[in-house]
Amino acid sequence: MTAIDIKPRRRTKNRPVWDEEPSLAGKAVKTLFMVCYAAAIVLPIWAVVATSFASEEALNRAGGSLLILPTDVSVQAYREIFSGGALTDSLLLTLTLTAVGTAISMALTICGAYALSRTGSLLHRPILWLILLTFLFGPGMYPSFLVVQNLGLFNSYWSLILPGAVGTFNIIILRAFFMNSIPGELIDAAKIDGAGEFRTLFRIVLPMSKAILAVIALFYAVGYWNMYFQAVLYTPGLETQPIQVVLQRMLMSTQGLPEGAQAAAQYQARGEAAPTAALKMAVVVCTIVPIVIMYPFIQKHFTKAVITGAIKG
């Protein structure tokens, strides 16, 4: 066999620019851009992680700023978070809200999307139009607060779950998936065999919708995990707050602003010292790590859900 020499393609007038073989200078520029782009993402995260493991002496030598290479490694900040105190209670509360809220939201979204995907269901079209109208007309902060207050949910953890338990976007996307990606012949065959709606949903529809369900569950989980504004608005009188509220107070306690002075006064009233930079960054790491761990397991479902949802028939 004779070797075939592969010559680089030459630029022609009829060939588009993106189909040409990149030059050496072009490859160098692309590589430099990707390195700078990766550094802009990795370095801040590395600085946060490195500072969370820095000792108090190393932070004092650095003037309390972020560190890139801590000379003295310490896990005191993480010991304080998981020592069973207020930070531990706040972290456990956020985990509970995320788990319970995601389960409730997924149950309501699945049932609503499946009911709306069955065109012959009772009041199908009016209910669908009412849901679609929420895209155009939001309730606003003050009416939402009055609803929560009049329902007796104010200063209750249920106010962080029930008012936003169902996302309109998620229910519309899941409805479209059920209508376009689940063969109607399977549902008709299940009805012929005597299966009811719930059995059809749990035995046929849900097993074929794992990809889109994983994506929507991730959306809900991230929303509950990062919950801040609802907690500030609806649960100001509760002692244990979600971790995002605690993190905001910690970050503001050393700022020269009225909110910072108020946060610092709260620490003094409880007889606690203002949080160090290591403790702040350790809390930041704890808020990031669960999502970072969860995302790689869900990432493979994103492409599958998008492609499957776009195919009809």
Would a 4.5 Å heavy-atom cut-off, applied to side chains only, mark V246 and L91 as touching?
no

E80 meets the side-chain hydrogen bond (donor to acceptor under 3.5 Å, both in side chains) criterion, sequence neighbours left out, with none

What do the steps show when you test E239 against D89 for side-chain contact (heavy atoms from CB on, under 4.5 Å), and what is the final call?
CA-CA 10 Å; E239 182 178 358; D89 295 339; over 6 Å; no

Can you list, pair by pair, the side-chain donor-acceptor contacts under 3.5 Å of residues 182-195, counting residues two or more places apart and other chains?
none

Can you list the residues that meet the side-chain hydrogen bond (donor to acceptor under 3.5 Å, both in side chains) rule with T109, with sequence neighbours excluded?
Y220

Just wondering, do V232 and Q248 contact through their side chains at under 4.5 Å, heavy atoms?
no

With sequence neighbours left out, the residues meeting side-chain contact (heavy atoms from CB on, under 4.5 Å) with K30 are P22

Note, S209 side chain near F177 side chain (heavy atom, < 4.5 Å):
yes

For S105, side-chain hydrogen bond (donor to acceptor under 3.5 Å, both in side chains) partners two or more places apart
Y224

Sequence neighbours left out, cut at 3.5 Å: what donor-acceptor pairs do the side chains of residues 126-151 make with other protein atoms?
from	atom 1	to	atom 2	distance (Å)
T134	OG1	I131	O	2.5
T134	OG1	T168	OG1	3.0
S144	OG	G140	O	2.7
N150	ND2	L146	O	3.1

Quick check: do F219 and N170 have side-chain heavy atoms less than 4.5 Å from each other?
yes

Taking only residues at least two apart or on different chains, which pairs with a member in residues 21-56 satisfy ring-ring contact (aromatic ring centres under 6.0 Å, His included)?
F53-Y78

Who passes side-chain contact (heavy atoms from CB on, under 4.5 Å) against L201, sequence neighbours left out?
I110, Y114, V205, L206

For N155, side-chain hydrogen bond (donor to acceptor under 3.5 Å, both in side chains) partners two or more places apart:
none

To the closest 0.5 Å, what do you measure between OG1 (T235) and CG (L160)?
5.0 Å

Could you tell me whether E197 atom CD has more than 12 heavy atoms of other residues or ligands within 6.0 Å of it?
yes

Ignoring hydrogens and angles, write down the donor-acceptor pairs under 3.5 Å from the side chains of residues 287-294, residues two or more places apart or on other chains.
from	atom 1	to	atom 2	distance (Å)
T287	OG1	V283	O	3.4
T287	OG1	V284	O	2.6

I'd like to check the side-chain contact (heavy atoms from CB on, under 4.5 Å) partners of L95; sequence neighbours left out, ordered by chain and number.
L92, W225

With heavy-atom distances below 4.5 Å as the criterion, would you say the side chains of R118 and M179 are in contact?
no

Is the shortest heavy-atom distance from the side chain of F82 to the side chain of C286 under 4.5 Å?
yes

Return the set of residues passing side-chain contact (heavy atoms from CB on, under 4.5 Å) with L32 (not counting sequence neighbours), or none when no residue passes.
C36

